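So you know, we letter chains A, B, ... as the sequences are listed, proteins then strands, and number each from 1. Just so it is clear, the model here is predicted, and its values are computed rather than measured.
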Number of protein chains: 2
Amino acid sequence: MRVTIAEVAQRAQVSKATVSRVLNGKPDVDASTAQRVRRVIDEIGYVPSARAVGLARGRTRTVGMLAPSLTWPWMGEVLQGVVDTLEADGYGLLLYTVNRGPESLNQFANHVSANAFDGLLVIEPPDALHYISTLYRAGLPVVMIDDRGTHPEFPSVATTNRQGGADAARHLVASGRTRFAVVTGPLHFGCTQARLDGFREVLSSSGFPLHPDLVVESDFTTTGGGVAVEKLVNSGLEFDALFAHNDLSAVGAMRALRENGRRVPEDVAVVGFDDVPVASHCEPLLTTVRQPLQEMGAAAARMLISTLEGRQLPDHPTVLPTSLIVRESAP
Amino acid sequence: MRVTIAEVAQRAQVSKATVSRVLNGKPDVDASTAQRVRRVIDEIGYVPSARAVGLARGRTRTVGMLAPSLTWPWMGEVLQGVVDTLEADGYGLLLYTVNRGPESLNQFANHVSANAFDGLLVIEPPDALHYISTLYRAGLPVVMIDDRGTHPEFPSVATTNRQGGADAARHLVASGRTRFAVVTGPLHFGCTQARLDGFREVLSSSGFPLHPDLVVESDFTTTGGGVAVEKLVNSGLEFDALFAHNDLSAVGAMRALRENGRRVPEDVAVVGFDDVPVASHCEPLLTTVRQPLQEMGAAAARMLISTLEGRQLPDHPTVLPTSLIVRESAP
DNA sequence: AAGTCTCGTGAAATCGCTCCCACGAAGGTC
DNA sequence: GACCTTCGTGGGAGCGATTTCACGAGACTT
C-alpha cells in the first residue's frame, strides 16, 4: 500500500491540511509543527502522488514535446538540452512524434485534450503547424524550436542563420576562394533564405558575384547533396568553394566532388551548416557553421517553464548565435 | 471550463457511471443508451482527463524511459522505435536521463516514487543498475534494452552479438583476408566478450589464429579507435583485416589507418558494429554488423506493455538478429 | 473587561474519474 | 402467481492530494 498524506498526518498528529502546507512551503505553520511533520515524512519516505497533485492543482509539472522525427542527426542534442533543463526544475517530459502520420497526430491530440501536460515544446512540425497554432490560441503555452524560419505567431528560439551564412562567406573569401557555389536547403524554408542572403551579401560586398547557376536547391539529405553537385559540375561553370546548407548535404557533396575528380579542400573548399556529429567523423573533417543545438533546447525549455510559472515572455524570438567551426574541408 | 464526465452524463440523461461504462467499453450497457452517450461525447468533444483517470484507476498509461545520454548516435533510432510502439497503443513516454549525475538520479527517483509512470524502460545505465534492480524487485515493471551484455535479472532485449562477431569474421575470411586485428569495446561489457568470442571462434575454425597483440581494448569512441590503431601499427605485426566493436571506433580506426599509410580496404578491410548513420556517411562507406536499433526499442516497448496489461513475459531475454551490411570498407 | 486581530489549525469540499453495490423491471421457471 | 435470474442503471464511496472557510486561543487595543 502506498503511503499517503493521511498516514503522515496521522503519525504527526496533525491534519492533512497542515501536512500539505508543510509540503508546499506555505506560511502560517508553526515551526515546531512543521519540523515534526517533516521528520515523519523523512521517516516513512513519503512522496506525494504525482497523479493526485496533478488532479487537485490542475497542473502536472510535465511538458510535452512534439518532434517530427527522433532519428534526425541533431535531435539528440536538442532533446538533451530540453531534458536537462526541465529535469533541473523538476519537470517531466512527455515525448511525441508524428512519425506514423495522421494517426500519430490524432493520438497526440488526445493527449492534449486529456491535459496530459501543462505546456508544449514543438520542433517545427511539417504539417501540424496549423493545429499547433489552434492550440496556442486556445491558451496552451507553446514554445517552438525553429530550425527552419521564423514563425512570429509563437514564442520561439532560433539561430542566426543569416549571420551563419555571412560567416561562411567571409571565411571562404578570406582563404582566397573566388568562385562560389551553394547547395541550399528547400527554398521555401525561412532558414534557407536567411543562410543564402547572408552568404550572398558578404560575397557581393567583397566584389564576388554569386552566379545563379551555381546555386542549386537541395533537400538537406546526403544523396540530395550528391545530386546537387552533379548539377553544379554539369553546369560547366568552375567553382572553388561550396557552401552547403546543412552537414548532411555537405557530406554528400564532398563525396560527389571526389567522384568527379575534385579534391577537397584543394580544388573545392566545403563549408556545411549545423555541426552534427558526422561533421567531425567524415573525411575530410567538415568545416561548418555550428548551431548551438543543446542550448537551443535548453533555452526553449526555460522559456516554456517561465510562461508556466506565470512570467511574461518577450514577444520577439530568442535568437542564439551560430559559430564557425573550422576543420579540414575549408581550412 | 473543462467539459467533464458529469456534463456528458447530464446531457445524455444518464449517470456518470454509465458514461464511464461506455467510455471503457464495459458490457451491460443498452445499445441505444451507449449510442446516445457516444453522440453527446462527439458533440461536445469530450475527452476524459488523463489526471483523473490516472488517479482513479491507479495507472497512468504512461511509461518512463531512463537513458544514460540522448546524444549517443544510436539513441534516436531506439527512441523512435519505443515512441512509435507506445503511441500506437495509446501510451505516453516520459523521458529521463542521468546526464547531470547524482542529482538527475535523485529527480528520477522522485518521479518513480510519485508514481508518475506505470512501467520503466531502461537503457543499460552506467551506475544506476543497482537502484533499478531495487525498483524491479519492489514490483515496478522494468524492461531493459541491453546493449552491453546480459542481465538475466530483468526482462530485456538484446542482439546476437556473438553471431554478429562470427558474421564479421566469416565475411573477412571469405574475402581472402588472413591476418586479423580487433579493436574491442570495454572488456568488462558482456557485448564486447560476445562479439570477440564469435569472431575468434570462426577464425580458429577457419584455421586462422587471432594473435593476442592484435586485439586491443578501446572505448567505443572515435578517438579511442584511432589510438587503438596506433597501438596495432606499433606492435609491428602485419594485419589486413580489422574488426572494430562499434562504428565510431571503426571510423576513428579508418582515419588512423590512412594516416599511417594503409589504404582501406585495399591494405586493410574494416568492419564495424551498430550501423549508425555515420557508417553510411564516412569515407569509405563502412561495412558493419547492423543492430536493429529501432526494432529493439519497439520490442522492449511491446514487452513492457505486455506486462502492464497483465500478460506473462518469457523469462529469457528477447534476442534480435544482427545482420551484416556490406559496404566499401570491406567489400 | 470587552472587543478586535492575528495565528495556527482542522473539517470538509473539490478536482474528474472508476467501480462496487443496490435496486427495479423484465423474463423464466415450477 | 410466487420466486428467481438477468440486465441495465444510478448512487455514492473511493483515489490522494489542495484549498477554502471557520474557529479557538492568545495578544493587543481602548
Handout entry: ring-ring contact (aromatic ring centres under 6.0 Å, His included): pairs with one or both residues in residues 80-101 of chain A, sequence neighbours excluded
Key =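 Sorted pair list: Y96(A)-F108(A), Y96(A)-H111(A), Y96(A)-F117(A).
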Qualifying salt bridge (charged side-chain N to carboxylate O under 4.0 Å, His left out) pairs, either residue in [range], two or more places apart:
| range | value |
| --- | --- |
| residues 293-302 of chain B | none |
| residues 6-28 of chain A | E7(A)-R11(A) |
| residues 85-96 of chain B | R100(A)-E87(B) |

Open item on the list: Taking ring pair (Phe, Tyr, Trp, His ring centres under 6.0 Å) as the definition, give me every residue that meets it alongside Y46(B), ordered by chain and number, with sequence neighbours left out.
Closed with: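 So Y46(B) forms no ring pair (Phe, Tyr, Trp, His ring centres under 6.0 Å) with any residue.
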Check your understanding: Under the salt bridge (charged side-chain N to carboxylate O under 4.0 Å, His left out) test, which residues partner R311(A), sequence neighbours left out?
Key ->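 So R311(A) forms a salt bridge (charged side-chain N to carboxylate O under 4.0 Å, His left out) with E309(A).
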- Query: Near DNA chain D, under 4.0 Å by heavy atom, which residues of residues 35-49 of chain A?
  - Reply: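 Residues of residues 35-49 of chain A under 4.0 Å from DNA chain D: Y46(A), P48(A), S49(A).
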Once side-chain hydrogen bond (donor to acceptor under 3.5 Å, both in side chains) is applied, do any residues pair with E43(A), and if so which ones, sequence neighbours excluded?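 If we apply the side-chain hydrogen bond (donor to acceptor under 3.5 Å, both in side chains) test to E43(A), skipping adjacent residues, there are no hits.
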> With nearest nucleotides of DNA chain D determined for T33(B) and R57(B) from heavy-atom distances, which residue corresponds to the more 5′ nucleotide?
Replying inline: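 With T33(B) and R57(B) compared, the 5'-side residue is T33(B).
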- prompt: Which angle, to the nearest 10 degrees, lies between the helix axes at the two ends of the helix from dA1(C)-dT30(D) to dC30(C)-dG1(D), each defined by five pairs?
  reply: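 So the angle between the two local helix axes works out to 50°.
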Nearest listed nucleotide, side chain of A56(B), among dC15(C), dC15(D), dT19(D):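 Of the options given, the side chain of A56(B) lies nearest dC15(D).
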Subject >> For T159(A), all residues meeting side chain to side chain contact (heavy atoms under 4.5 Å, CB included), sequence neighbours excluded >> reply: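 Side chain to side chain contact (heavy atoms under 4.5 Å, CB included) list for T159(A), sorted by chain: N161(A), Q291(A), P292(A), M296(A), L320(A), T322(A).
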Subject >> Residue list, side chain to side chain contact (heavy atoms under 4.5 Å, CB included) with N115(A), at least two apart or on another chain >> reply: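 N115(A): side chain to side chain contact (heavy atoms under 4.5 Å, CB included) contacts with R2(B), R51(B).
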- Task: For residues T307(B) and L304(B), report the shortest heavy-atom separation together with the two atoms involved.
- Result: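 Heavy atoms of T307(B) and L304(B) come nearest at OG1-O, 2.7 Å.
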Give the rounded distance in Å between these two atoms: [atom1] of [X] and [atom2] of [N].
| X | N | atom1 | atom2 | value |
| --- | --- | --- | --- | --- |
| N115(A) | dC17(C) | CG | C1' | 14 Å |
| L55(A) | dT18(C) | CG | C1' | 12 Å |
| I5(B) | dC19(C) | CD1 | C1' | 11 Å |

| message | Short of 4.0 Å, heavy atom to strand atom, which residues of residues 13-30 of chain B count as contacting DNA chain C? | response |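 The answer is K16(B), A17(B), S20(B), R21(B), N24(B), K26(B).
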### Task
Take L93(B) and L94(A) through the side-chain contact (heavy atoms from CB on, under 4.5 Å) test and state the conclusion after the steps.
CA-CA 5 Å; L93(B) 178 71; L94(A) 271 169; 5.5 Å; no
